[in-house]
Structures are given as C-alpha cells and as structure tokens.
Amino acid sequence: MSEEKLTPRNVDFSEWYNQIVMRAEMADYAPVRGCMIVRPYGWALWENIQQALDRRFKDTGHVNAAFPLLIPMSFLEKEKEHVQGFSPELAVVTIGGGEKLEEPLVIRPTSETIIGYMYSKWIKSYRDLPVLINQWGNVVRWELRTRLFLRTLEFYWQEGHTAHATEQEAREETQRMLDVYADFAINEGAVPVIKGVKSQAEKFAGANLSASIEAMMQDTRALQAGTSHFLAQNFAKAFNIQYLDVNNSLQYAWTTSWGLSTRFIGAIIMTHGDDQGLILPPRLAPFQVVIIPIFKTESEAASVKEAVQRVQAALKAAGIRVKVDDRSEVTPGFKFNDWEMRGVPLRVEIGPKDIEKGTVAVARRDKPGKEGKSFLPQAGLPVAVADLLVDIQKSMLERATAFRDSHIFDPKDYAELTEVVQHGWAYSYWCESPECEKKVKEDTKATTRCMPLGGDEGPGKCIVCGQDAQHKVYFAKAY
RNA sequence: CGGGGUGUAGCGCAGCUGGUAGCGCACCGCGUUUGGGACGCGGGGGUCGGCGGUUCGAAUCCGCCCACCCCGACCA
C-alpha cells in the first residue's frame, strides 16, 4: 500500500501538516486557489471550539448577532489606517444582477466598519453602553501564500465588537477577552499560549493597541492564535459613534474588537500531532472514544456486538462522545491506524478475550504503544474513561508547555539572538523602536511576537541597539 | 510581481527517438479474512490542462495561453 506513513515531522514539517489535514479529512482544497473546504470532521472540531468560546462570551455578558457580508467600499475608507492596512487584500464586488454597481462592495475582511456604522445609529446615551456583541461568520482576505486553516482567502471566525463609555472600560474589555482566549486555548485546546501586546508594526490596522495570544508550534515557529484590540475612539470618530453622558455632553464611545479563527485548528494540529497523525485534546475532540469490535466467528460477533452496544450506551450516558467503528470491510489493524490519524484520544477494543474476562482494552492516543495501553473492567468503565480523558488533557498541556519552555531562550547578545531564533524563540529586552525590530526581521526573518505586560522584569538594555529598554519581547519566526 | 517546477483515471506516476494509453493505490462485485495498515478472482473508470500549428497520423514535436505547486517582497 502506498502512503501508509505520514512524512515525519523532522523530515518536512509543512508536508507533515498538509498530509494530516488531508488524511484526517479535516479539510480539502477548493477549486478556487487559496480557498478551503472544511470537511465534517474538521467542522465538528470547529463546532466544539465554537461552543467552548461561545460559553465564555456569554459568561462575560456578550450576545451574538449577524452583520452583512458586503460592505460599501466607502466605509472602509473612513478610517485611514484601516483602509491602508486592508486595501491590498480586499475582494471587491463590482457587478450585481448584471449591472455595474454605482459603489463597489467589498466582501468583509473584518467588520469594524459596518458594525461601527450601526453602532452610531444604536448608541445615543450612556444608558445604551456598553454594547457587547459578537458575531460568528466568515471573512475574505486576498492572501498571496495560503495554507489550509493557517491562511486561506476565506476563513471562519468570531469577531467581537464592543463599545464603551470610557477608555478604561474599553481597555479592560480588551484585556478581559485576551484572558478569555488564553483560558480557552490552555484549558480547552491544551495549547499553552503567551499573552502580550503587539508592536506598532504588528498591530491591527486601526487599533491603538493590539494584544495577542502566541503559541509555539512543534517546528518552534510562533502562531498568533487569537487577537484582542483596543480601538480607542478611532472608529467612533470615523463612524460618529457618540453618546450623551450623565452631564448631557456629547462624547465619543471607546470600542474594542477581538477575534479567533479556524486558524486555531492549525494550532491544535501543530501543537499536538505526532508522526502517526493528529492528537486531539479530549475537551474539543469530536469523538473522545472510538470503540473497535474484534471477532472471527459468527458466535463471537454476536457476543462482541452485544458488549460493544452496552459499553457504547454506558459511555454515552456518562456524557462521553463515543464512536463505534463497525465497518466490516477493513480490519481492526487498519482502524487503529485510521483513528490514530484522526487523533481520537482513547481507543477501546472489545474482542473475544474481553468478553471472557469482562474487560476492554484501552489505548491512549497521547502515549503510543504499550505505555498507553491498559485493560479495564467493563464494570465502571465510564468513570475510568472520564478520568483517563482528564489525564490525557492534562498531560497534553504539560507536554506542550514543556516543549515550549525548553525552546525559549534568553540570548546574551545580538549574535546569539540571531542563532536561537532559528530553532526557538528569543525573549529579550527591546527598546521598542521600529528600526531594531526591522533589523532583526531582515537579519533572521524573526519578528516580534508580543510583549507580556506586568512581567517581573525590570528595565534593561535593548538586545539590538543597547539602548534603555523597559520591556522584554518575544522574537520568533511566525506563521 | 521576480525565480524555479508541474499538468496523462479520484490520488501517485510511467509512456515523450510520433502509430490511437498503461501501472500502483483507491473504487465496484463475489469469496475467504479480522487483537496493529488482509488476500484471491472478476470489473468500471481517461476531451492525455486549453487553443493553434507540423504530419497520412500527436499524450509524444513546435508556438501561444491557462491553471496549480515551490522559493522570495505583504498577512488572522
């Protein structure tokens, strides 16, 4: 058989990633360059991501709504930085119903403008604030180089847009949602992330401050896994979002926006996967357990099937997402490999020997071979499985965190910085000048990722120019 | 947009000193199999990226176009 084995990560990480995405049936290439089809298994993962995030959004007082896909071109042009940032990657509709449009419509690359326009109509008084709206949707950005999930012309995400009476409230919201993303990434995705502030060069077009969560992939490149922006009054002024305060004086509102996209699926793949395929965190996995029946004879088949159904029902009743692979056309060995490719956290095998002994064989996806294999009594299995899933979730986070921490370096000088960013991240003092940032990028292709705030570091000297520096920043090659 | 490469069955490829298309995998049928990627037999499937030229005859030679991939300048 051809293509049984994945290209190993240490041979060609990109190729490994592409093969996983295709062979785990997460996504496929669309007929249009740079566009992707999210297949049912990939979308099921996305739905679990959505649920985990949406719950957190609701818990922090947000509500969902839907804004249109098409935005008048003139809206984009109202915020100077915004249009400069996005104009190179806009898709524009110029014909509708066979007629040339009077004003071109852009397919939203993000929705600050049209939402700002609506907010200006809805917000009249301080009593209307804050407005805390999120939308789940898709956006289009005409990227040149694309990768499935990581960068495609169209992608799915959520974008939160909030308006507040005061600067402080808006800053707090920016931080709150960054914290929500970090909590989600760490506790649901088992993806360790670093929270911090983006440099001026890396920030969102139109924001005063952008913050992000940054994750390290297994090739040590950084992936921006979510962003939260403090937009100050930039969009409020561009779209006239004004309210009367308690003193009856007219004020501009303060707005924020924050987003997390299907790119996070790429983060999960590249954080956890191994040379057998995906490894999904139990809390997000579409199937947490796959049951594989094993039998030879007819009579074995009958008793195995009975046990499989019983175990399935018991696990399901305990709230565990379980799949039975009862395909007759492939062998158990094939199924083992198949579900390992798809990253199901736990495999349960039930065969004649288990019927005899009242057990099942259990194999952990995160621990290949004998190490992860055990035999458990059928009685009380749901509790044991639930415990195992918790343990898998925990050890996945621990492993990813250990990997990341062992690839973050504190270079002594610039020469060492240029070396360490080839196989890790550098955490160094930076004077925050664009020139120093640019020099690192030109010399090494590494960019500043983020500056963690409230760190324990005191003032120091810029790793590049030696001038005084207040903060440390992560330098890394990024996706 | 600059450099490099590839287009032949769903996927991966061979055929390229011109003679009307083949292999592996996948797929369909039947049978035997099933605790780590099963096997046998039978079968279906192709405007050879497109257009034009050379020729009795083009997947093959020539020209133009198109698409996609990889590497560089921008990005969730």
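Below, all heavy atoms of this structure are taken into account, side chains as well, without hydrogens, waters or symmetry copies.
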Student: Taking B/G45 as the reference, what is the distance to B/G37 when you measure between their C1' atoms (whole Å, please)?
Tutor: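 Each nucleotide's C1' atom is 26 Å from the other's.
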Student: Between B/G22 and B/C16, how far apart are the C1' atoms? Round to whole Å, please.
Tutor: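 After rounding to an integer number of Å, I get 14 Å for this pair.
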Student: Looking at B/C74, B/G37, B/A76, which one has an atom nearest to any side-chain atom of A/R23?
Tutor: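 Selected nucleotide: B/G37.
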Student: Of the listed nucleotides (B/C75, B/G37, B/G36), which one gets closest to any side-chain atom of A/K5?
Tutor: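 Side chain of A/K5 sits closest to B/G37.
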Student: Report the nucleotide, chosen from B/G37, B/A76, B/G35, that has the shortest atom-to-atom distance to any side-chain atom of A/A361.
Tutor: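 It is B/G35.
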Student: What class does the angle between the rings of A/W157 and A/F155 fall in, given that below 30° is parallel, 30 to 60° is tilted and above 60° is perpendicular?
Tutor: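 Perpendicular, since the angle between the ring planes exceeds 60°.
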Student: Reckon A/K335 touches a base, only the sugar-phosphate, or nothing at all at heavy-atom distances under 4.0 Å?
Tutor: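 Touches nothing.
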Student: Return the nearest nucleotide to the side chain of A/Q224; candidates are B/G35, B/A76, B/G37.
Tutor: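 Selected nucleotide (nearest to the side chain): B/A76.
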Student: Give me the distance, rounded to whole Å, that separates B/C61 from B/G44 when you measure between the C1' atoms they each carry.
Tutor: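 One C1' to the other, the span is 34 Å.
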Student: So, A/E173 and A/R176, do they make that salt bridge, N to O below 4.0 Å?
Tutor: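 Salt bridge between A/E173 and A/R176, a charged N being under 4.0 Å from a carboxylate O: yes.
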Student: Do NZ/NE/NH1/NH2 and the carboxylate oxygens of A/R364 and A/E371 come within less than 4.0 Å?
Tutor: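 Answer for the salt bridge query: no.
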Student: So which nucleotide from B/G72, B/G35, B/A76 ends up closest to the side chain of A/K445?
Tutor: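 Nearest to the side chain of A/K445 among the choices is B/G72.
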Student: When the P atoms of B/U60 and B/G15 are considered, how many whole Å apart are they?
Tutor: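 To the nearest whole Å, 14 Å.
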Student: Can you tell me which nucleotide in B/G35, B/C75, B/U34 comes closest to the side chain of A/R151?
Tutor: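 Closest of the options to the side chain of A/R151: B/C75.
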Student: Under 4.0 Å, counting only non-hydrogen atoms across every strand here, what does A/I292 touch: a base, just sugar-phosphate, or nothing?
Tutor: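 Touches nothing.
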Student: Once you apply a heavy-atom cut-off of 4.0 Å, does A/P109 come out as touching a base, just sugar-phosphate, or nothing?
Tutor: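 Nothing, no nucleic acid heavy atom in range.
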Student: Check this one for me: any side-chain N or O of A/T331 less than 4.0 Å away from OP1 or OP2 of B/A38?
Tutor: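 Indeed, a polar side-chain atom of A/T331 lies that close.
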Student: Please work out if A/E349 contacts a base, only the sugar-phosphate, or nothing of the nucleic acid, heavy-atom cut-off 4.0 Å.
Tutor: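 Since a base atom lies under 4.0 Å of A/E349, the category is base.
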Student: Please name the nucleotide paired to B/U60 by Watson-Crick or G-U wobble geometry with both distances under 3.5 Å, or report none.
Tutor: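 The base-pairing partner of B/U60, which may sit in any strand shown, does not exist here.
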Student: Which nucleotide sits closest to the side chain of A/K373: B/A76, B/U34, B/G36?
Tutor: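 Among the listed nucleotides, the one closest to the side chain of A/K373 is B/G36.
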Student: Say you pick atom P in B/A21 and the same atom in B/C28; how far apart are they, in whole Å?
Tutor: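 B/A21 and B/C28 have their P atoms separated by 27 Å.
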Student: Within the structure shown, what part of the strands sits under 4.0 Å from A/S257 by heavy-atom distance: base, sugar-phosphate, or nothing?
Tutor: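 Answer is nothing: A/S257 stays at 4.0 Å or more from every strand.
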Student: With C1' as the reference atom in both, quote the distance from B/U34 to B/A76 in angstrom, rounded to an integer.
Tutor: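 The answer is 46 Å between these two C1' atoms.
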Student: Take atom P in B/A14 and the same atom in B/C23, then report the distance between them in whole Å.
Tutor: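 That atom pair is separated by 16 Å.
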Student: With heavy-atom distances below 4.5 Å as the criterion, would you say the side chains of A/L105 and A/M73 are in contact?
Tutor: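 Side-chain contact under 4.5 Å: no.
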Student: Under 30°, 30 to 60°, or over 60°: which ring-plane class applies to A/Y41 and A/W339, parallel, tilted or perpendicular?
Tutor: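 Aromatic pair A/Y41/A/W339 classed perpendicular.
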Student: Using the ring centroid of each side chain, check whether A/Y117 and A/F239 are separated by less than 6.0 Å.
Tutor: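 No; A/F239 has its ring centre 6.0 Å or more from that of A/Y117.
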Student: For a quick check of understanding: with a heavy-atom distance under 4.0 Å over all strands, which category does A/F295 fall into, base, sugar-phosphate or nothing?
Tutor: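 Since a base atom lies under 4.0 Å of A/F295, the category is base.
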Student: Which is true for A/R147 with a 4.0 Å heavy-atom rule: it touches a base, it touches only sugar-phosphate, or it touches nothing?
Tutor: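 Touches nothing.
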Student: Of A/L144 and A/R263, whose closest RNA chain B nucleotide lies nearer the 5' terminus?
Tutor: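 Per heavy-atom nearest nucleotide, the more 5' residue is A/L144.
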Student: Using atom P in both nucleotides, what's the gap between B/A9 and B/G18 to the nearest angstrom?
Tutor: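 After rounding to an integer number of Å, I get 23 Å for this pair.
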Student: Relative to the ring of A/H229, is the ring of A/F204 parallel (under 30°), tilted (30 to 60°) or perpendicular (over 60°)?
Tutor: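 Parallel: the ring planes of A/F204 and A/H229 meet at under 30°.
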Student: If I compare all heavy atoms of A/Q378 with all of A/V360, which pair ends up nearest, and what's the gap?
Tutor: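 Shortest heavy-atom contact: CG-CG1, 3.7 Å.
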Student: Please classify the nucleic acid contact of A/P88 as base, sugar-phosphate, or nothing, using heavy-atom distances under 4.0 Å.
Tutor: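 The answer is nothing, as A/P88 stays clear of every strand by at least 4.0 Å.
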Student: Have a look at A/G351 and say if it touches a base, only the backbone sugar-phosphate, or nothing, with a 4.0 Å heavy-atom cut-off.
Tutor: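 Base, at least one base heavy atom under 4.0 Å.
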Student: Return yes if some donor-acceptor pair links the side-chain N/O of A/T444 with the main-chain N/O of A/A446 below 3.5 Å, else return no.
Tutor: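 Yes: the side chain of A/T444 pairs with the backbone of A/A446.
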Student: Test A/E340 against A/R365 for salt bridge (charged side-chain N to carboxylate O under 4.0 Å, His left out), laying out the working first.
Tutor: CA-CA 7 Å; A/E340 280 166 9; A/R365 179 64 182 89; 5.5 Å; no
Student: Side chain of A/E340: nearest nucleotide among B/A76, B/A38, B/G36?
Tutor: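 So the side chain of A/E340 is nearest to B/G36.
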Student: Give me, pair by pair, the N or O atoms of the protein and of nucleotides 29-31 of chain B that are less than 3.5 Å apart, along with how far apart they are.
Tutor:
none

Student: Would you mind checking if A/K373 and A/E349 are paired as a salt bridge, meaning a charged N to carboxylate O distance below 4.0 Å?
Tutor: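 Yes, charged N to carboxylate O under 4.0 Å.
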Student: Among residues 155-163 of chain A, which contact RNA chain B at a heavy-atom distance under 4.0 Å?
Tutor: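 Heavy-atom contacts with RNA chain B come from A/F155.
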Student: To the nearest 0.5 Å, how far apart are CG in A/D275 and OG1 in A/T7?
Tutor: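 That separation rounds to 9.5 Å.
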Student: Using a heavy-atom cut-off of 4.0 Å across all strands, would you classify A/A225 as base, sugar-phosphate, or nothing?
Tutor: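 Result for A/A225 = nothing.
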Student: Within the modelled atom types, does a donor on one side and an acceptor on the other bring the side chain of A/D338 and the base of B/G37 under 3.5 Å apart?
Tutor: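 Between B/G37 and A/D338, which were checked side chain against base, a qualifying N/O pair under 3.5 Å is absent.
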Student: Can you say whether a donor on the side chain of A/R347 sits under 3.5 Å from an acceptor on the base of B/G36, or the other way round?
Tutor: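 Donor-acceptor pair under 3.5 Å: yes.
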Student: Let me spell it out: for each of A/I294 and A/A478, pick the nucleotide of RNA chain B with the closest heavy atom. Which residue's pick is nearer the 5' end?
Tutor: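 That would be A/I294.
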Student: By nearest atom, which of the nucleotides B/U34, B/A76, B/G36 is closest to the A/N337 side chain?
Tutor: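 Among the listed nucleotides, the one closest to the side chain of A/N337 is B/G36.
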